[in-house]
Amino acid sequence: MNLLVIAVDRLHIGYLGCYGNSWIGTPGIDGFAAAGLVFDQVLVDSPRLGSLYTTYWRGVHAAAHAGLAPHQRRGDAALPARLTAAGYHTLLVTDDEHVARHRLAGGFTERWLARSPTVASTGRKRTSLERVFIQAGRRLTDARPPFCMWVHSRGLGAPWDAPLSRRRQYAEIDDPLPSDAREVPRLKLAADYDPDLLQGHRWAYAGQVTWLDDCLAAFTGLLDESGLADDTAVLFLSTRGFLLGEHGRVGARPPMGHEELIHVPWIWQVPGEDLAQSRSEAIVQPDDLAPTLAALLGVSDDFPGATGHNLVPLLRGEVSAVRDRAVTVCRRPDGEDRSEFALRTAAWHLRELRRPGRSSRELFVKPDDRWEQNEISSRADSVAEELEAALDAWLVAARQGQLALLPPLPAGC
C-alpha cells in the first residue's frame, strides 16, 4: 500500500462543510470526506509546528519530548527513516522551510521545497497555495511504488493571494467588499471594533479556503488519473487552526488552547476498508499518527517512548475509543515560565494558564459551546478542580512514561 498525507496549516475546522459550515463552498474536501472516515475530535498536542512534527513522526506527545532518552531521539527510529529503511520511496514536499529542515525530515528519501513563485502558461503568477500542490503533483507522477509522500502546505498561513473573486463571492450586494490585502492578518480587536472589518477578514479567509479546495481537487485528481488511487491510503489533515474573532483576535498568534486553534480535521481513505460516509467521535491526538501509519503499511509500530495509539482498530470499527482525554501544551515564546495547558474530554474543556506564583483557568461545556463563548469555571468549581487534578496527574505520567497506568477519568468529567 502507498501512503499520501496532505497536511494544511492554519485551516479553521469551522470553515469546512464536512464539519458543519453551511456558507463556504468546499466540494472537493466534502466529497473526499463523504468517501472516507471523518474524525470529529482531533486535538493537537501543541500549536507549535516544530513540536507538532516531532510528535507526528515519533508518536510521542509534546509533553513527553523532554523526557526522551538519547537513543529514543535518534532519527532512524522516527517514521520517515523507518519507512525508508523498509523499502518505501519516501518524499517530503513542502513550502515551509521549518518543516523541510526539521531534524527528523532527513529520514525522507527526497525533500522538495517549493520556494519561489512560478508562472503559468497563461502568464499569471502562481498563488502560494498552488505552488506546493504543483510541485507535489510532479513528484506524484514520478513516484515509485511503494511510496510514502508527505505534502505540507503553509495553507492559510501563507499570503492570501488567491483570485479576489474567491473572497468577493461571499459578500452580499449591499455589503462592503472584503479587503484585497495579501498579508495574513494578525490583530487584536478593540472592544468597539467595526463588525464590517471582522467580516471582511472572514470573507477573505473563506475565499482562501475555496481556493485551497480547488487546488486539492486538482491534486487528488492526479492520483485518480495515475491509477494509483486503489493502492494508496490518503490522509487529509490540518496541523493548526486559525483565530477569526472568536476570542477578540484575528490571526495565528500567540499559542493558545482555544477550540479554533487546537481542534483540527482528519479525514482518511484507506484501500480495502469500507469507510465511506463514516465518522468517529473518538478523541485522538497527533501522537497516534506514527503508530497508525506504520501499522497500515506493515512496518513495526513500536516507537521508542511512544505515547500514541494505533488507530487501525478504530478505522475498522473494532473499537470506539482509545482514550478519555486529550492534553494540549502551549509553550509561550518567552519560555517555560509562562505556559498554557488544555485538557479536553467528551464533556469539558479546561484551559489553564500557569505563571510563576499564580495561575488562572477557564472551563467550557462540550460539545454545546463549540467556540467557547461561555466560561463557567465559577459555576462548576468542583468539576474544574477534578479536571485540574486529572491534568496534573496526566502531565506527571507523561514525563515518567507511565500514561498507560493512569486510571479512567471520574464520572462526570
Side-chain angles (χ1 to χ4, degrees), residues 1-8 32 35-37 39 53-59 74-94 99-100 102-114 132-153 216 218-237 239 266-276 286-304 306 308-316:
M1 187 187 299
N2 306 308
L3 172 67
L4 173 62
V5 178
I6 305 171
V8 177
F32 182 82
L37 170 61
F39 277 91
Y53 264 93
T54 298
T55 299
Y56 282 147
W57 292 337
R58 281 204 186 281
R74 290 167 44 189
D76 59 1
L79 181 68
R82 186 171 294 194
L83 292 177
T84 299
Y88 279 85
H89 180 204
T90 55
L91 305 93
L92 172 65
V93 182
T94 181
V99 175
H102 193 284
R103 57 192 179 86
L104 299 181
F108 285 94
T109 310
E110 299 180 46
R111 283 180 288 175
W112 296 86
L113 180 61
V132 67
F133 289 108
I134 290 171
Q135 183 76 269
R138 292 169 180 163
R139 305 283 78 80
L140 183 64
T141 56
D142 295 334
R144 305 187 307 271
F147 66 81
C148 166
M149 177 182 286
W150 192 296
V151 181
H152 174 91
S153 168
L216 280 169
F219 175 60
T220 55
L222 289 177
L223 184 67
D224 294 331
E225 293 170 9
S226 68
L228 296 168
D230 291 341
D231 299 311
T232 303
V234 185
L235 169 60
F236 171 77
L237 62 87
T239 49
W266 277 18
I267 307 172
W268 293 79
Q269 288 186 8
V270 180
E273 304 291 342
D274 185 14
L275 302 180
D287 56 344
D288 299 328
L289 198 54
T292 302
L293 295 179
L296 277 175
L297 300 182
V299 178
S300 172
D301 61 355
D302 183 19
F303 288 83
H309 301 266
N310 176 1
L311 302 181
V312 171
L314 266 177
L315 294 173
R316 294 175 176 167

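Taking CG of Leu275 as the reference point, atom CZ of Arg316 lies at 10.0 Å (rounded to 0.5 Å). Once rounded to the nearest 0.5 Å, the distance linking CG of Leu235 with OG1 of Thr292 reads 9.5 Å. Taking CD1 of Ile6 as the reference point, atom CG of Leu223 lies at 8.0 Å (rounded to 0.5 Å). Rounded to the nearest 0.5 angstrom, Trp150 CH2 and Tyr56 OH are separated by 6.5 Å. Rounding to the nearest 0.5 Å gives a distance of 12.0 Å between OG1 of Thr90 and CZ of Phe147. With values rounded to the nearest 0.5 angstrom, Asn310 atom CG is found 8.5 Å from Leu315 atom CG.
Side-chain N/O atoms of His102 and Thr54 include a donor and acceptor closer than 3.5 Å.
With contacts defined as side-chain heavy-atom distances shorter than 4.5 Å, the pair Val270/Val312 does not qualify. Two residues are said to be in side-chain contact when any heavy atoms from C-beta on lie closer than 4.5 Å; Asp142 and Arg139 meet this criterion. In this structure the side chain of Leu228 reaches within 4.5 angstrom of the side chain of Asn2, judged on heavy atoms. Within the 4.5 Å cutoff, no side-chain heavy atoms of Leu4 are placed close to those of Phe236.
What you find for Ala290 and Gly59 is that their closest heavy atoms are CB-N, 3.8 Å. Considering every non-hydrogen atom in both Pro291 and Asp287, the closest pair reads CD-O, 3.4 Å. The shortest non-hydrogen separation linking Met149 to Ala136 is CE-O, 3.8 Å. Between Ala229 and Asp224, the shortest heavy-atom contact is CB-OD1, 3.4 Å. Here the closest heavy-atom approach between residue Met1 and residue Ala233 is recorded as SD-CB, 3.6 Å. Smallest separation of non-hydrogen atoms from Asp231 and Pro271: C-CG, 3.9 Å.
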| message | Is there a side chain to side chain contact (heavy atoms under 4.5 Å, CB included) between Leu92 and Trp112? Walk through the geometry before answering. | response | CA-CA 6 Å; Leu92 172 65; Trp112 296 86; over 6 Å; no
| said: If you apply the rule side chain to side chain contact (heavy atoms under 4.5 Å, CB included), what do you find for Val5 with Leu3, and how did you get there? | reply: CA-CA 7 Å; Val5 178; Leu3 172 67; 4.0 Å; yes
| said: With side chain to side chain contact (heavy atoms under 4.5 Å, CB included) as the criterion, how do Leu140 and Phe219 come out once you've worked through the C-alpha distance, each side chain's angles and the decisive distance to 0.1 Å? | reply: CA-CA 9 Å; Leu140 183 64; Phe219 175 60; 4.1 Å; yes
| request: Take Val151 and Thr94 through the side chain to side chain contact (heavy atoms under 4.5 Å, CB included) test and state the conclusion after the steps. | output: CA-CA 6 Å; Val151 181; Thr94 181; over 6 Å; no
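Ring orientation note: the planes of His152 and Tyr53 are nearly perpendicular, at an angle over 60° on the 30°/60° scale.
For Phe32 and Trp268, the ring centers are positioned 6.0 Å apart or more.
At most 12 heavy atoms of other shown residues, nucleotides or ligands fall within 6.0 angstrom of atom CG in Asp230.
By the 6.0 Å and 45° rule, Arg82 stacks over the aromatic ring of Phe303.
Thr84 places a side-chain N or O within 3.5 Å of a backbone atom of Gly107 that can act as its donor or acceptor partner. Between the Asp76 side chain and the Ala81 main chain, no donor and acceptor come within less than 3.5 Å of each other.
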